[in-house]
Amino acid sequence: MPKKIILVLMGILLFGGASLARASVIINEVAWMGTSVSSANEWVELYNDSSSSEDLSGWILKTGDNDISITLAGSVSAKGFYLIERTDDTTVPDIPADLIATFGHGLSNDGEVLILKNNTGTDVDTLSFLDGWPAGDNTTKESMQKSSLGWITAIATPKAENYIPPSGGGGLVGAGLNENNTSTQTNSSTSAQSTIKSTTPVIKTKIIAKNLAFLGLPITMQASATGYSGGPMYSGKYFWNFGDGDSKEVKIEDNQNFSHTYFYPGEYMVTLEYYVNYFSNTPDASDKLVIKVIPADISISAVGDEKDFFVVLSNNSVSDADISGWALRGEEKSFIFPKNTILQSKSKLILSPRITGFTVLDKNSLKLMTQDWATVYDYSSPTPKKLAIKTEQTLPPANIEPANALIPENTVLSSDLSASVLESNPSSNSYLWISGFVILLVISSGVVWFIRRGSKVPPNPVSGDEFEMLDE
């Protein structure tokens with residue numbers, strides 16, 4: 001055979017093989033049943049399994065009977081997802097659609113043939129399920145997802161990694177393809193569905209907080225939620241119940257560290273619920289934590305002198321105290337306790353000035369404060385004071401910077417809650433000043449009245465000359 005013909009055939013095979021290899025965008029997840037909000041909230045997710053982005057301009061997603069035909073636009077990133085929502089962008093709350101398309105009457109609950117074509121009209125992926133969808137649940141609104149075991153039923157994961165079954169080789173997103181890059185459906189899908197429903201839910205949520213809090217002092221809390229593969233969740237909401245009559249609901253994108261304060265001692269059951277769908281009434285995961293609240297009996301019990309200005313902290317509480325992130329504030333500086341600083345029950349901690357940097361000049365302004373700048377003990381007053389539950393809120397001094405290198409990771413800096421309410425009530429002094437001012441005003445008014453009254457007395461008729469002189 002001539003060499004030219006051989007080279008042409010080799011080129012066709014090479015470029016043809018490369019063309020086939022590029023067909024890596026697949027139909028990855030189908031919510032043919034809609035959502036708990038509306039059965040019309042249908043959506044389809046595509047996945048790009050290649051290492052480069054794919055331009056989807058001119059691609060078409062259609063049904064076998066041509067009742068639905070959607071022309072795609074934009075692109076999908078490498079190892080990325082492309083979300084097609086029906087009607088509007090509220091179909092999947094809090095997750096923006098890549099394309100909004102009208103499905104007409106929508107996908108049939110009895111099954112469909114879905115075909116994905118590229119911009120040359122070539123079929124890239126085909127789902128042939130006219131006899132019924134192999135996965136998905138119209139009651140629970142769990143979607144149909146591709147896995148290494150075939151199509152499975154699991155909690156919807158729009159624009160996120162699909163559920164990975166606990167058996168079957170731990171398939172990756174987009175697995176379950178045959179050698180022609182078309183979707184496969186095997187008998188294992190039924191067993192995969194039963195496996196999912198019989199195991200513990202793999203979406204998890206967790207309360208991040210200490211299980212010991214001090215009376216009247218804020219305790220820092222945060223929530224976390226992870227998906228099937230252990231990665232963080234990016235949509236949904238949390239609902240907190242703090243066990244003391246207070247509660248809080250927050251969108252997952254607004255989730256941050258926050259503080260909660262207990263005003264009475266005891267044990268409180270804190271519960272956290274996570275909802276994948278913001279509008280759902282049934283939580284997808286939950287967690288509980290018992291927080292014990294005790295009086296804050298931690299004090300600055302002694303300090304040194306100008307030769308050695310040490311500071312002694314005493315914990316007279318019945319439990320060990322984690323004072324990580326707490327601060328000692330002096331005249332012009334503050335010392336932040338590093339993480340894992342534990343002050344044991346009925347024990348003392350002596351801090352050297354070589355570590356804190358304090359001098360005897362800081363003695364008259366020394367305070368022990370939490371990481372939320374709530375005053376636990378004020379050594380600067382004539383009679384050192386412990387924390388009172390009611391506090392006045394003031395801002396921390398300008399010379400204390402939250403970005404201080406000594407501040408440990410995850411320290412939350414907020415307002416300074418001083419213990420100044422333990423001092424005498426300033427309203428009584430104000431009352432005395434007001435009373436004195438009123439009395440002085442009455443006396444002054446009386447004097448002015450008598451003077452003016454005297455100026456109106458008629459002149460003596462006998463002394464007419466004096467009257468004329470005044471008139472001049």
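Only this structure's heavy atoms are used, side chains among them; waters, hydrogens and symmetry mates stay out.
- In this structure, K146 fails the cation-pi test against Y47, since its NZ or CZ atom is not both closer than 6.0 Å to the six-membered ring centre and inside 45 degrees of the ring normal.
- Rounded to the nearest 0.5 angstrom, D246 CG and F263 CZ are separated by 9.0 Å.
- Sorted by first and then second residue, the ring-ring contact (aromatic ring centres under 6.0 Å, His included) pairs with a member in residues 270-307 read Y238-Y274; sequence neighbours excluded.
- The aromatic rings of W240 and F242 sit parallel, their planes meeting at an angle under 30°, below the 60° perpendicular limit.
- A donor atom on one side chain and an acceptor atom on the other are found under 3.5 Å apart for E29 and T157.
- Surrounding CD of E249 are more than 12 heavy atoms belonging to other residues, nucleotides or ligands, all under 6.0 Å away.
- The OG1 atom of T282 sits 9.5 Å away from the CD atom of E273 when rounded to the nearest 0.5 Å.
- Between I300 and L313, some side-chain heavy-atom pair lies under the 4.5 Å cut-off.
- Distance alone, capped at 3.5 Å, is enough to place a donor-acceptor pair between the S38 side chain and the A40 backbone.
- Side chain of K79 to main chain of D49: a donor-acceptor pair is present (N/O by atom type, distance under 3.5 Å, no hydrogens or angles).
- Counting only heavy atoms from C-beta outward, the side chains of L289 and L272 never approach each other to under 4.5 Å.
- Distance alone, capped at 3.5 Å, places no donor-acceptor pair between the T220 side chain and the F258 backbone.
- No donor-acceptor pair under 3.5 Å is formed between the side chain of S317 and the backbone N or O of S319.
- Residues satisfying the salt bridge (Lys or Arg N to Asp or Glu O under 4.0 Å) criterion with D287, sequence neighbours excluded, are absent altogether.
- Using a 4.5 Å heavy-atom cutoff, the side chains of N162 and S147 are not in contact.
- A donor-acceptor pair under 3.5 Å links the side-chain atoms of D284 to the main chain of V276, judged by distance alone.
- A side-chain donor-acceptor contact under 3.5 Å links N48 and S24.
- Looking only at distances, a side-chain donor or acceptor of Q145 sits under 3.5 Å from a matching main-chain atom of I155.
- Listed for the N277 side chain is no donor-acceptor partner under 3.5 Å among the backbone atoms of N281.
- Environment of CD1 in I350: sparse, with no more than 12 heavy atoms of neighbouring residues, nucleotides or ligands closer than 6.0 Å.
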(request) Test Y264 against Y262 for ring pair (Phe, Tyr, Trp, His ring centres under 6.0 Å), laying out the working first. (result) CA-CA 6 Å; Y264 300 98; Y262 291 95; over 10 Å; no
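- Screening D125, L116, V124 for a side chain to side chain contact (heavy atoms under 4.5 Å, CB included) involving L46 leaves a single residue, L116.
- A distance-only check finds a donor-acceptor pair linking the side chain of W133 to the backbone of S108 [under 3.5 Å].
- There is no side-chain donor-acceptor pair under 3.5 Å between K288 and T271.
- Between the side chains of S314 and N316, no donor N or O sits under 3.5 Å from an acceptor N or O.
- In terms of modelled atom types and a separation under 3.5 Å, the side chain of S77 and the main chain of S53 share no donor-acceptor contact.
- Across all their heavy atoms, D320 and S345 have their closest contact at OD1-N, 2.8 Å.
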